[in-house]
There are 2 protein chains.
Amino acid sequence: MAAASKREQIIDNALKLFYQNGFNATGVDRIISEAGVSKKTLYNHFRSKNELVLAVLRKRDELFRNNMMRETERMAMEPRSRLLALFDVMGNWFHEETFSGCMFINASAEFSDLKDPCHVLCAEHKKLICDYIEVLAKQAGAQDPLELAKQLNLLIEGAIVNAHVEGDLEAGQRAKRMGEFLIDLALRS
Amino acid sequence: MAAASKREQIIDNALKLFYQNGFNATGVDRIISEAGVSKKTLYNHFRSKNELVLAVLRKRDELFRNNMMRETERMAMEPRSRLLALFDVMGNWFHEETFSGCMFINASAEFSDLKDPCHVLCAEHKKLICDYIEVLAKQAGAQDPLELAKQLNLLIEGAIVNAHVEGDLEAGQRAKRMGEFLIDLALRS
DNA sequence: TTGAAGGTATACCGTTAGGTTTACCATAAG
DNA sequence: CTTATGGTAAACCTAACGGTATACCTTCAA
């Protein structure tokens, strides 16, 4: 099998295991077993488990944001509606059987040092999400797009925690209601 | 030394280590070494590492909520002001050098199964926080105290994640501004 | 036809994990 | 005075950890 494909196999399986069971709790033996790959192959592609973690987080960031943007833009056409649709996308995610919180919030819990490369990557992911919201906020004509984006981002993160820790699957709707107030306030000329 | 005191020594040191470095990443050898206690003593007081984790979470819940209530009620006298003071208490916490996120959000990341006893305890902690906010909301005369409490709780959780993952220490102030808006809305007769 | 590239399985390395066991020591109450 | 109680240090257990080494098997292009 082609090398690139092996690499993806490893990343995809590691992604699933890290997301469901955590990073420290998932051993490389488990990963190679589920990926159907030898240990040598894993260490041909990644210098260490930590490098694999980084590769997984990068792939998750890409998949997650692409999906978020695609779904948001599919669900609504007007900028203001799209800001609200963000919360519907989140809400649908919470209801998925495999939902296990935000992988980046989870990773930050295990790699708690702000300077840890894994933690840095988590912060970058959140920043990119916020950047996207800011674009939508600007399109919607918000007075202070960055501030609105930060507010909505905070709501989204709160909803994710609500849904994961407390198992409150309706957190998406609550955040949406709160977000609507803030959006109206920000768009008032 | 008295048994009760040894138990507390173990819990206190485990609390510090678990909070700073995570649960799976912290071994019992490290805990007994820092607590200055033999392994036998640890296993006299706790059946397993997992039982120690539960004891630590229970203590953290008690310390955290007591401090939160004490500080909130010290900073403001009127119910509405107290609702706002919650965010100041959080904001001050974010600025502490040892701040490493919410221990219960972190624990939920590592014990991701909702039925895991550790995760259950995390959900209970969040519920108790929400209960307290609901009491303040009722005293302030909110139309729907439970709904307002859930909203403010969501803001608090969002702010904690903002502060920890992204390192945004001003998240407390942002959440406070958002909270003030929602409080005014909820108190409008 | 040959030989590198990239795969496989498997054994192995030292370390650490959670947890148990043994033998001994201090204290304090009956 | 004795004897539980609760502590100590340290050896030990099995399993798993991250990571390496060896030997062999395909595939495919020079």
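Here is how names work: the chains are called A, B, and so on, in the same order as the sequence lines, proteins then strands, and each is numbered from 1. Scope of the values below: all heavy atoms of this structure, side chains included, with no hydrogens, waters or symmetry mates.
B/Thr41 pairs by the side chain to side chain donor-acceptor pair (under 3.5 Å) definition with B/Ser38, not counting sequence neighbours. Scored by the ring pair (Phe, Tyr, Trp, His ring centres under 6.0 Å) test, A/Phe99 finds A/Trp93, A/Phe94 as partners (sequence neighbours excluded). In this view, B/Ala85 and B/Thr72, B/Met75, B/Ala76 satisfy the side chain to side chain contact (heavy atoms under 4.5 Å, CB included) rule, not counting sequence neighbours. For the side chain to side chain donor-acceptor pair (under 3.5 Å) test, residues two or more places apart in sequence or in another chain that qualify with B/Asn153 are A/Glu166. Contacts of A/Lys127 classified as side chain to side chain contact (heavy atoms under 4.5 Å, CB included), with partners at least two apart in sequence or in another chain: A/Asp131. Annotation: side chain to side chain contact (heavy atoms under 4.5 Å, CB included) contacts of B/Val28 (sequence neighbours excluded): B/Lys39, B/Tyr43, B/Lys49. In this structure A/Lys176 satisfies the salt bridge (Lys or Arg N to Asp or Glu O under 4.0 Å) test together with A/Asp88, sequence neighbours excluded. Residues passing the side chain to side chain contact (heavy atoms under 4.5 Å, CB included) test with B/Leu114, sequence neighbours excluded: B/His119.
The stretch residues 49-60 of chain B touches DNA chain C through B/Lys49, each having a heavy atom under 4.0 angstrom from the strand. Contacts between residues 20-36 of chain A and DNA chain D, defined by a heavy-atom separation below 4.0 Å, involve A/Thr26, A/Gly27, A/Val28, A/Asp29, listed by number.
Atom CG in B/Leu42 sits roughly 10 Å away from atom C1' in C/dG18 (whole-Å rounding). Taking atom CD on B/Gln9 and atom P on D/dG6, their separation rounds to 16 Å, with Å as the unit. Atom NE2 of B/His45 is separated from atom P of D/dT5 by 14 Å (rounded to the nearest Å). Rounded to whole angstrom, the span from the OH atom of A/Tyr43 across to the C1' atom of D/dG19 amounts to 5 Å. In this entry the distance linking CZ of B/Arg47 with C1' of C/dG18 reads 16 Å, nearest Å.
For residues 51-64 of chain A, every residue pair satisfying the side-chain hydrogen bond (donor to acceptor under 3.5 Å, both in side chains) rule, not counting sequence neighbours, is listed here: A/Glu8-A/Lys59, A/Asp12-A/Lys59, A/Asp61-A/Arg65, A/Asp61-A/His125.
If you look at B/Phe23 and B/Phe111, their ring centroids are closer than 6.0 Å.
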Using nucleotides 21-26 of chain C, report all nitrogen or oxygen pairs with the protein that are shorter than 3.5 Å.
none

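A/Thr41 has no side-chain polar atom (N or O) that falls below the 4.0 Å cut-off from OP1 or OP2 of C/dG6.
Side-chain polar atoms of B/Glu34 and B/Asn13 form no donor-acceptor pair below 3.5 angstrom.
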